[in-house]
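Taking it in order: structure first as structure tokens, then the write-up.
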Amino acid sequence: MRMFRARICWFAAACCGAALFYSNSASARDKAEPAPDWAVNAAKTPTPGNVGDASAVVLFDEYLITVDEQNHAVERERFAVRILEPQGRKYAKCIMEYDNDEKLNSFRAWTITADGKQFQAKDTDFKDFGAGGDADLQDTERFRVLDPPGNDPGAVVACETEGHLRPYMNSEDWQIQAPIRVLDEALQLNLPPGGHYSESWSKFPPVKPVEVGSNQLRWEIKDMPALDLENLHAVPPWEALAARMTVMWGETAVKGAESQWRAFGEWEDQLEQHRPDPTPQISTEAQELVAGAPDLYTKLSRITSYIQKNIRYFVIEKGIGGWQAHYAGDIYRNRYGDCKDKTTLLISMLQAVGIRAHYLVVAVADLRGAIDPTAPSLIANHMITAIELPDGENDPRLMARVKAANGKTLLIFDPTDEETPVGLIRGDLQGAYGNFVDGADSQVLLMPVLPPDSAETSRKGTFALAADGSLAGDVTDEFTGVNAARERGFLKESDSKEVHDRLEEGLTSDLPGLNFKGYEFHETGELDKPVTLDLHVSDTGYAHAAGPLLLVRPRVMGSNAHPVPDLMESKKRAYDIEIGHPGCWRDSFDITLPAGYVVDETPDPIDLDVDFASYHSSVTAKDNVLHYEREYVVRQVEIQPDKAAEFRKLESAILFDEKGTAVLKKQ
Amino acid sequence: MRNLSWLLRAALFLALVSPVVVRAQFQQPTDDELKMTADPKAPGAAAVYLNISEIANDPMHYQSYYYRIKVLGEKGKELATVEVPYMKGNGKVTDVKARTIHADGSIISLNVKPEDLLSEKNGEKQFGRVVFTLPSVEVGSILEYTYTLRYDDNEFSSPQWEIQRPYFIHSGHFQFTPFKAFMPTGTPNTDTGIFLVDSRGRTINSLVWWPRLPAGVTVKTSVNGSYTVDVTDVPAIPDEEWMPPIESFLYKVRFYYVPATTPNDFWISESKYWSKEVDKFAEPSKAIKEAVDGLVAPGDSDLAKAQKLYVAVQALDNTDYTRKKSQSELKQLKLKEAKHAEDTWAQKSGSSEDIAMLYLAMLRAAGLTAYADKVVDRDRGVFDPSYMDLDQLDTTLVLLDTGGHEMVLDPGEKMCPFETVSWRHSDARGIGEGAKGISITATPMQIYKDNTINRIGDLTVDAHGGITGSFNIVMTGQTALRWRQEALRSDDAELKKQFDRELEAIVPDGVEAHIDHFLGIDHPDDNLIAMVRVTGTLGTATAKRLMLPGYFFETREHQPFVNEEKRLEPVDMRYGNRVTDQVTYHLPPEMTVEGAPQDANLAWPQHAVFVAKSKTEPGQITIANSLAVAFTEAKPEDYQDLRGFYQKVAAAAQQELVLSAAPAAASGAAN
């Protein structure tokens with residue numbers, strides 16, 4: 001349905017503020033041309049009855065990739081979509097991506113209205129945009145966007161684009177699925193004499209190509225169902241679930257998944273050759289950092305912390321710069337770079353102290369899960385580091401380790417993540433695949449899922465309840481591991497007002513009459529040390545009288561509930577359920593009751609254990625103190641859809657517990 | 001003679017490139033600046049501007065910009081990346097110099113060439129941005145950079161000094177030297193032959209400025225022909241919920257060229273032109289008269305005529321809610337943009353403005369007394385007559401005078417009932433025609449009783465807290481208008497999805513609410529009713545009791561202001577309204593009410609009232625509550641009263657309904 005143009009370190013960037021299809025490529029002409037036959041024929045395709053309440057349907061989508069003897073390719077796309085509802089217009093905004101080395105040859109479009117009238121898009125219907133994104137991640141890439149004339153419901157918009165593919169990339173990812181149904185789609189690969197190709201299929205059974213000419217292969221697919229995740233929650237990203245085919249040509253096109261991953265790794269290895277070579281300054285810095293370090297962990301911690309603290313994230317990517325890092329010496333001098341640069345400098349500094357490390361290409365955020373081990377491709381948006389651990393290195397702090405096929409033990413680390421200490425990786429990376437780059441040992445690698453003690457939060461609170469329902473007390477939170485990293489990240493990205501506002505906002509959902517007396521964060525700056533937070537709060541109307549009763553919620557603050565609306569409504573789930581990351585959250589609250597009141601009733605305890613999580617809570621009363629405690633443990637990042645009922649049971653139990661009310665009676 | 005196109009280009013140029021400046025040299029930081037780890041004048045700030053200097057010099061054809069920033073926290077590092085927007089063909093960004101000074105005094109200079117990136121290209125217009133980032137930035141660093149914008153000798157600049165920024169400013173210097181004819185000491189239209197004319201051929205003889213500055217600060221003129229502003233200790237831009245359009249309240253100075261010297265002269269002159277253009281577009285031509293004759297009957301009252309014509313123009317395709325035809329599409333359809341009301345009527349399509357003017361033309365053609373009123377969109381800004389720019393005003397309303405009874409109508413607001421005005425156009429100032437000529441006007445405020453939501457529910461509860469039932473949500477005024485307009489942009493399924501999403505946010509956890517259907521979605525004069533089905537689990541059970549949320553819809557609904565202790569800016573509620581809930585719970589047979597939410601009558605006098613009441617009957621309890629907000633704006637000094645009121649409402653909303661398996665105690669718990 002569209003081609004996916006991967007770029008490393010693009011996980012934060014977006015084009016034009018809109019999630020659209022993009023077709024490929026240049027310019028409209030002033031003289032009106034009638035719609036070509038392919039567009040007219042596509043427009044004659046009736047809308048099938050199985051599109052349901054879809055807002056648009058793709059009638060035709062065809063790619064023609066023509067490769068020359070230098071393995072440089074030109075791609076033409078013909079795309080026709082029928083708008084069925086007003087909101088379906090978003091599917092008819094064709095977009096073409098181009099850059100200095102991705103020249104745009106042509107971009108033409110027509111609209112055929114429901115009553116057969118034809119419009120041709122003119123120059124004024126096109127706009128060009130620079131690639132957007134965050135201030136610290138910029139690109140020379142441009143997009144030409146069409147706002148088609150006459151694009152009302154019932155109309156068919158047909159776009160034809162042609163442009164050069166990036167000359168240094170010999171593969172294309174054909175997204176054969178879309179958020180709307182695709183009736184007829186095809187990809188044709190025209191190879192030069194003697195040219196060869198390979199293919200891989202993800203989330204779709206392989207389709208055999210038809211040889212339509214000499215060394216001309218054509219894959220055709222009819223009636224591809226929509227992948228519409230709009231009303232589903234806690235699902236993996238769209239890209240991880242959508243069907244796609246990857247086609248490769250030239251030297252990197254080899255048969256078999258294992259060989260193909262190796263070929264991609266070797267290509268990346270060559271691209272980064274000599275980039276990490278340490279300069280004398282880098283070597284000196286690295287050696288000074290590890291001087292006197294008692295063990296490997298300390299060495300790693302000092303070097304990784306140096307990168308995390310001193311190398312600011314910023315890059316303007318140009319052309320191949322989307323895949324290739326800067327030289328380590330330049331990165332070290334400027335003290336900024338993107339994910340590839342940070343990894344490069346880390347590899348360089350580790351190399352300077354005798355530790356080998358490698359690039360690991362991964363897909364995170366809205367691409368998490370898109371790397372399919374059975375379907376090699378260059379779909380990725382991030383670069384991290386795989387550090388070789390010596391045999392027998394069993395330091396328990398180095399949790400994020402994995403065994404490569406060649407027997408090496410690798411420690412996975414993300415130097416772009418400035419808050420997570422070496423030894424750990426954040427949830428986004430856990431359980432996902434990456435392409436490990438190590439010459440002939442390159443391979444696809446499954447990153448580990450860490451144990452729950454990699455991320456812990458412990459909250460303790462002591463409160464006094466007055467007869468008028470007011471409550472006052474102090475709370476201490478302690479965060480360790482990945483949970484501490486999250487807090488550090490928040491503190492780093494926020495000024496003091498934002499910190500205050502977030503805390504206040506979080507508290508008022510449980511304490512609506514909040515009087516926020518103050519807070520103190522204690523954070524040493526050392527990433528492997530806990531972060532603690534002291535809160536001082538009161539609430540003028542915490543407990544409520546109901547006739548002769550005083551009702552008080554023993555769970556004073558905080559929530560472990562993550563209800564997923566579609567699952568809670570027992571809707572059938574076909575896709576994995578994302579449940580966060582492994583960790584352990586504990587609460588312990590003591591509420592001293594007002595004089596003259598006794599506990600008449602408390603909520604029942606909860607004891608629930610499913611394989612991916614557990615939840616235990618209890619409320620007890622002793623003397624004049626009401627005590628609440630709970631422990632919530634998560635063991636996975638995502639679970640299979642057949643666990644939906646257990647997930648629902650777990651969330652229902654948590655919700656029930658969190659609403660639990662103790663009933664006090666006056667003596 | 002230079003013509004207005006220069007002015008327009010210059011204005012656009014500066015709007016894009018806005019602040020900048022200079023010729024300032026890099027400074028040696030003081031020891032205090034180097035050692036600074038926090039700023040007592042900006043507690044908790046992640047960065048502060050130590051110096052800003054923005055200098056524009058038209059005779060020398062440059063603007064130069066200089067900034068010195070102290071980074072105090074990680075977030076402040078974001079200021080190390082600089083983007084300079086510009087319009088290609090109008091100028092060049094040159095002389096970029098930058099350096100980072102570490103807390104120990106070491107200096108790292110920028111040695112990477114800035115990148116020139118495309119922002120947007122639309123036909124001939126191309127907007128770019130020059131991007132660079134300072135090297136080796138740390139918390140504690142001082143960032144110092146300068147760049148210059150050079151432009152052609154036929155460019156007049158109109159500096160827009162943004163005096164208030166996201167970060168605190170210790171010292172700011174802003175200077176503008178215009179061409180000699182516009183210098184404070186200059187004589188217009190004489191010495192250099194440089195002058196401007198506007199699109200109406202009028203000579204522009206004044207460079208004026210519109211200042212919103214801290215107390216005691218003014219725009220100063222100097223004998224060397226420049227205008228300057230010097231400020232110290234400017235607070236950061238406030239960030240609070242429910243603020244009025246903040247752009248209208250920030251410190252800034254805008255320079256611009258006008259053919260008038262005083263606001264009074266400007267508005268007299270400009271409003272005459274505006275009125276003439278209105279009369280020209282809204283001319284009750286023969287075609288309009290014929291159309292009107294086909295729509296109204298001779299015996300109709302003035303009010304009936306106005307209503308019939310209103311219905312007719314509301315039925316047209318309002319392209320602000322559907323799709324505006326592109327230039328190429330109009331050309332291929334051999335259509336032209338509407339120049340007169342009859343064009344809009346002939347095409348049966350037009351923008352909100354076109355339709356408002358068409359309505360005006362039709363009223364006039366029907367012999368009614370009607371005027372145009374051009375007002376600000378209150379969601380966007382605040383009209384300030386001292387700022388001489390008609391572009392402050394966005395929307396045309398129609399004033400209808402039916403024998404002394406004047407009403408404001410909003411025909412360009414699709415699905416807006418007759419005599420109802422969008423909140424964005426109410427309590428809004430502008431200029432308007434009238435029997436006595438043209439004047440500054442203000443539209444009436446919204447009346448809270450006109451904007452209502454009534455949620456009436458009937459729920460059956462089982463012994464474990466399970467519920468089934470339904471709600472009728474009846475909407476009038478602005479909420480109904482919003483959903484009706486949403487329905488124009490989406491099909492029925494999409495509209496229901498959106499409504500369900502809003503329901504999801506306001507029903508208690510464990511409860512599913514889905515709209516079954518709307519009543520009256522296509523009939524703006526009727527109440528809009530959403531019929532909602534509800535199922536799920538409500539509340540919690542203990543061995544002896546079942547506890548349910550006292551107020552069904554308040555359990556998750558965000559109460560504003562509860563979590564905001566202090567207030568700097570006024571509160572803007574947009575419009576007054578009243579939300580009423582009435583929920584009847586049918587109890588499980590074996591349970592009775594042991595405790596119900598307490599009746600409440602909370603008031604913030606003259607502003608808002610919350611009333612709650614419950615009534616127990618055999619086998620059921622009905623709980624009703626109502627929150628009426630009768631104010632639109634509250635001053636910061638009234639904030640604690642406002643917050644206190646909302647805190648009480650939020651606390652009341654936390655109350656619970658207790659059902660007991662045992663017979664209810666005879667304590668009067670049920671009210």
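So you know, we letter chains A, B, ... as the sequences are listed, proteins then strands, and number each from 1.
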Q.
Does the Lys NZ or Arg CZ of A:R335 fall within the cation-pi geometry relative to A:Y332 - under 6.0 Å from the ring centre and within 45° of the axis?
A. yes

Q: Tell me, for B:V658 versus chain A, whether the close heavy atoms (under 4.5 Å) come from the side chain, the backbone, both or neither.
A: side chain

Q.
Can you tell me which of B:V112, B:T535, B:T537, B:V82 forms the most heavy-atom pairs within a distance under 4.5 Å of chain A?
A. B:V112

Q.
Need one label for B:D500: side chain, backbone, both or neither, based on atoms under 4.5 Å from any heavy atom in chain A.
A. neither

Q | Which residues share a salt bridge (Lys or Arg N to Asp or Glu O under 4.0 Å) with A:R555, sequence neighbours left out | A | A:D510

(Q) Within the structure provided, determine whether B:V48 and B:Y167 are in side-chain contact (heavy-atom separation under 4.5 Å). (A) no

Q) Among B:T133, B:L117, B:N122, who wins on heavy-atom pairs under 4.5 Å with chain A? A) B:T133

Q) Can a donor-acceptor pair be found between the side chains of A:T140 and A:D99 at a distance below 3.5 Å? A) yes

Q) Is it the backbone or the side chain of B:E120 that comes under 4.5 Å from a heavy atom of chain A, or both, or neither? A) both

(Q) Taking salt bridge (Lys or Arg N to Asp or Glu O under 4.0 Å) as the definition, give me every residue that meets it alongside A:R333, ordered by chain and number, with sequence neighbours left out. (A) A:D330

**Q.** chain A contact via B:T100 - which portion, at a heavy-atom distance below 4.5 Å
**A.** neither

Q: Examine whether an atom of B:S119 lies under 4.5 Å from a heavy atom of chain A, and if so say whether it belongs to the side chain, the backbone or both; otherwise answer neither.
A: backbone

Q. So, do A:Q87 and B:S490 sit near enough that their side-chain heavy atoms are less than 4.5 Å apart?
A. yes

**Q.** Which of A:D125, A:N515, A:T602 touches chain B most, by non-hydrogen pairs under 4.5 Å
**A.** A:D125

Q. Non-hydrogen atoms of chain A under 4.5 Å away: do they reach the side chain of B:E138, the backbone, both or neither?
A. side chain

